[in-house]
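Comments concern the structure below.
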Amino acid sequence: MLSRTADSLYWTGRYMERADFLARILEAAIRLAALPAKDQATVTAWAGAIASSGVKSAFDATGRTVSEKSVREFLAFGADNSTSIKACITRARTNARSVRTALTIELWEAINGAWNGLNELGEPTKRDDFTNFLDFVKSTSLAVEGASSRTMLRNDAYWFLRLGMAIERADNTARLLDVKYHLLLPPGERVGGQLDYFQWTTLLREVSALTAYRWVYRESVRPWLVADLLVLNRQMPRSLASCQGMIVSYLEKLAADYGRRGPAQRLASNRLTQFNEARIEDIFQSGLHEYIQGFLNENNALGAAIHEQYLV
């Protein structure tokens, strides 16, 4: 496969996953901002959405102040935000169109349908209409993932598409967990209080993990157990450990297809070994924030290794 084809498939997967992530962030911010709490809690919820998205510098550069209207517009439709939902779906479709012959009809129609739907829905301003827009984005992400899983051959095209999704998903889960742990609880609110509990519950809802949490732990929501589920539990599809396992699997499939392993495989395998040996107690003792920052740096390094090995 040509490197530019692999690159387009990889970034199609990343952009569709990022659009889904942004929709979940915005949905959570709407829920959190609606809570009866101090005025600062509302601002904190929308500031948390910007921080989770990793675009705080870009948002600040526009001169906007944090509010529901400004954050919704910037993350969903902002022409000055290269990673808005609209931009992600548009870029995913552009990449997919450039490798149309590598995709099944069903997968192309799912991606193209997302782009067409985006144009049909426009940029809703009413909260109910905006919530429906977010539901549409999440449903298109599921449609793309389902179409790829059910219709594509298990060859290098599939592995590159899924590899992009897994790299992006790992990054997104880490950012969500870090922002909740450090930024969302306003001053004066008690750790373990009602607002703290609701925020952790909302985080689980963002990653479709609330039911899974109850099945695994069978007790009320506790921060260290949420972290255990989203960092180390391999049964949870969006956990860091699960994403890392998928990344290793896809990279090894590519190594088998191309007849050699490289720096990307070695880096990914070494990090998976670290997950297998980790304990949540040790992570909290050394600092969850520090652990997640280290993970994000390693994930970026792995993305760079994949780029150098396959995409240029």
Side-chain angles (χ1 to χ4, degrees), residues 14-93 114-115 117-141 168 171-189 195-196 198-203 205-207 289 296:
R14 288 202 70 159
Y15 283 129
M16 287 306 303
E17 186 69 27
R18 191 174 300 175
D20 176 79
F21 168 67
L22 290 169
R24 291 172 183 275
I25 284 177
L26 287 165
E27 186 178 60
I30 290 171
R31 284 201 184 104
L32 291 169
L35 279 177
K38 298 177 182 179
D39 291 340
Q40 188 176 354
T42 298
V43 175
T44 303
W46 292 105
I50 289 292
S52 299
S53 307
V55 294
K56 186 178 185 305
S57 296
F59 180 83
D60 291 343
T62 67
R64 292 178 172 92
T65 56
V66 174
S67 68
E68 177 177 353
K69 182 178 184 298
S70 66
V71 173
R72 276 172 41 178
E73 194 279 331
F74 185 75
L75 291 184
F77 314 113
D80 48 359
N81 178 11
S82 61
T83 58
S84 68
I85 290 175
K86 184 175 183 179
C88 285
I89 292 178
T90 299
R91 289 184 175 190
R93 193 248 188 185
W115 182 77
L118 195 70
N119 293 322
E120 291 170 5
L121 290 171
E123 301 181 6
T125 55
K126 293 181 179 179
R127 181 175 290 182
D128 287 347
D129 293 338
F130 187 73
T131 301
N132 290 337
F133 168 79
L134 298 180
D135 287 339
F136 163 77
V137 174
K138 290 191 297 179
S139 68
T140 59
S141 177
E168 186 68 30
D171 186 89
N172 296 342
T173 298
R175 290 182 187 280
L176 278 174
L177 187 56
D178 193 39
V179 167
K180 169 59 193 93
Y181 194 69
H182 272 269
L183 298 181
L184 278 181
L185 196 63
E189 293 288 347
L195 179 60
D196 191 42
F198 189 86
Q199 287 179 345
W200 282 108
T201 302
T202 300
L203 172 62
R205 288 183 187 277
E206 282 185 65
V207 293
H289 173 68
L296 288 170

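Values in this document were obtained by computation on a predicted structure and should not be read as measured data.
For the side-chain contact (heavy atoms from CB on, under 4.5 Å) test, residues two or more places apart in sequence or in another chain that qualify with S84 are N81, K86, A87. When the ring pair (Phe, Tyr, Trp, His ring centres under 6.0 Å) test is applied to Y15, the partners found at least two apart in sequence or on another chain are W11.
Note that CG of N132 and CZ of R127 are 13.0 Å apart. Values are rounded to the nearest 0.5 Å. Interatomic distance, R31 CZ to R205 CZ, rounded to the nearest 0.5 Å: 5.5 Å. Distance check, rounded to the nearest 0.5 Å: CD of E206 to CG of L176 gives 5.0 Å. Taking OG1 from T83 and CZ from F74, the interatomic distance works out to 7.0 Å, rounded to the nearest 0.5 Å. The line from CZ of F130 to CG of L26 is 4.5 Å long, rounded to the nearest 0.5 Å.
Contacts classified as side-chain hydrogen bond (donor to acceptor under 3.5 Å, both in side chains) and involving residues 48-58 (residues at least two apart or in different chains) are given here: K56-D60.
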Give the C-alpha distance, both sets of side-chain angles, the deciding distance and a yes or no for side chain to side chain contact (heavy atoms under 4.5 Å, CB included) between D171 and F21.
CA-CA 10 Å; D171 186 89; F21 168 67; over 6 Å; no
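With contacts defined as side-chain heavy-atom distances shorter than 4.5 Å, the pair L118/T140 does not qualify. Side-chain contact between D135 and E27 is present, with at least one heavy-atom pair separated by less than 4.5 Å. Looking only at side-chain heavy atoms (C-beta outward), I85 and L134 come within less than 4.5 Å of each other. The shortest distance between side-chain heavy atoms of I50 and R64 does not fall below 4.5 Å. Side-chain contact between W46 and S70: absent, with no pair of heavy atoms (C-beta onward) separated by less than 4.5 Å.
The closest donor-acceptor contact from the side chain of N172 to the backbone of E168 lies under 3.5 Å. Listed for the D129 side chain is no donor-acceptor partner under 3.5 Å among the backbone atoms of T125. For S141 (side chain) and K138 (main-chain N/O), no donor-acceptor pair under 3.5 Å exists by modelled atom type.
Shown here is N119, whose CG atom has more than 12 heavy atoms of other residues, nucleotides or ligands within 6.0 Å.
The minimum heavy-atom distance between L121 and P124, with the atom names listed, is O-CD, 3.8 Å. Across every non-hydrogen atom of R175 and G54, the tightest pair is NH1-CA, 4.0 Å. A174 and L296 get closest at one heavy-atom pair: CB-CD2, 3.8 Å.
Aromatic ring orientation, F77 versus F133: tilted (interplanar angle from 30° to 60°).
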